[in-house]
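Side chains included, hydrogens not; waters and symmetry mates left out as well; all remaining heavy atoms used.
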Amino acid sequence: MSRPERFLLIDDNLHDQVLAREAFEELCPDCHLTVASDGPEALTLLRAAAELPEVILLDVNMPRMNGFEVLQALKADPRLRLIPVVMLTTSSAGADITEAYTLHASSYLVKAEDFGAFLEQIETFLAYWRHCNRTVLA
């Protein structure tokens with residue numbers, strides 16, 4: 001496999017969900033993007049999944065469980081802890097970035113404000129994961 005094909009986006013913002021779906025459809029039509037609107041929904045999906053995503057994209061600011069609480073739950077679950085988690089959020093606060101890495105997030109991306117820049121972000125993200133997979137598989 002040359003790149004991850006299964007992604008999970010955890011984000012409560014419907015507009016951001018639509019943008020992510022459009023970006024993935026355009027840039028990675030063979031990829032499967034599943035969307036969960038909050039942490040509890042995502043954890044339920046993941047714990048019931050026969051096939052896990054290869055990468056999780058996780059927002060920080062969400063109701064019910066914030067992204068850090070979700071990240072802690074993921075890393076505490078033996079079946080889920082090794083899935084790379086990329087924080088994809090509007091927060092550029094230094095404390096949030098530090099907290100994400102302290103909780104073992106794989107990466108932290110601040111969402112671009114317009115679709116063109118967001119598309120470039122997702123393209124860069126996909127290229128990064130393709131490179132990681134080639135390196136691991138080599």
- Note on the structure: The complete set of ring-ring contact (aromatic ring centres under 6.0 Å, His included) pairs with one or both residues in residues 22-80, sequence neighbours excluded, reads Phe7-Phe24
For [X] versus [Y], what's the shortest heavy-atom pair and its separation?
{"X": "Pro53", "Y": "Ile83", "result": "O-CG2, 3.7 Å"}
{"X": "Ala100", "Y": "Leu71", "result": "O-CD2, 3.7 Å"}
{"X": "Met65", "Y": "Gly39", "result": "SD-C, 4.0 Å"}

- Item | Inter- and intrachain pairs under salt bridge (charged side-chain N to carboxylate O under 4.0 Å, His left out), touching residues 70-90, at least two apart | Arg47-Asp77
- Using the salt bridge (charged side-chain N to carboxylate O under 4.0 Å, His left out) rule, collect all pairs that involve residues 9-19, keeping only residues at least two apart or in two chains. Asp11-Lys111, Asp16-Lys111
Contact between [X] and [Y] at the side-chain level, heavy atoms closer than 4.5 Å - yes or no?
{"X": "Leu45", "Y": "Thr34", "value": "yes"}
{"X": "Val60", "Y": "Glu99", "value": "no"}
{"X": "Arg21", "Y": "Leu33", "value": "yes"}
{"X": "Gln17", "Y": "Leu14", "value": "yes"}

Which distance, rounded to the nearest 0.5 Å, do you find between the [atom1] of [X] and the [atom2] of [Y]?
{"X": "Phe125", "Y": "Ser107", "atom1": "CZ", "atom2": "OG", "value": "8.5 Å"}
{"X": "Asp96", "Y": "Ser91", "atom1": "CG", "atom2": "OG", "value": "3.5 Å"}
{"X": "Asp38", "Y": "Glu69", "atom1": "CG", "atom2": "CD", "value": "11.5 Å"}
{"X": "Ser106", "Y": "Met87", "atom1": "OG", "atom2": "CE", "value": "10.5 Å"}

- Message: Please check this pair: side chain of Glu22 against backbone of Leu19, looking for a donor-acceptor N/O pair closer than 3.5 Å.
- Response: no
- Query: Checking Arg6 side chain against Leu52 main chain: does a donor-acceptor pair fall under 3.5 Å?
  - Reply: yes
Are [X] and [Y] joined in one hydrophobic group, where the rule is that I, L, V, M, F, W and Y side chains link up if heavy atoms are under 4.5 Å apart?
{"X": "Leu119", "Y": "Trp129", "value": "yes"}
{"X": "Leu27", "Y": "Leu57", "value": "yes"}
{"X": "Leu103", "Y": "Leu80", "value": "yes"}
{"X": "Val70", "Y": "Tyr108", "value": "yes"}
{"X": "Val85", "Y": "Met62", "value": "yes"}

- Message: By the definition side chain to side chain contact (heavy atoms under 4.5 Å, CB included), identify the one residue from Ile56, Leu109, Leu58, Ile10 that meets it with Leu88.
- Response: Leu109
- Task: Could you check whether the rings of Phe115 and Phe118 sit parallel, tilted or perpendicular, using 30° and 60° as the cut-offs?
- Result: tilted
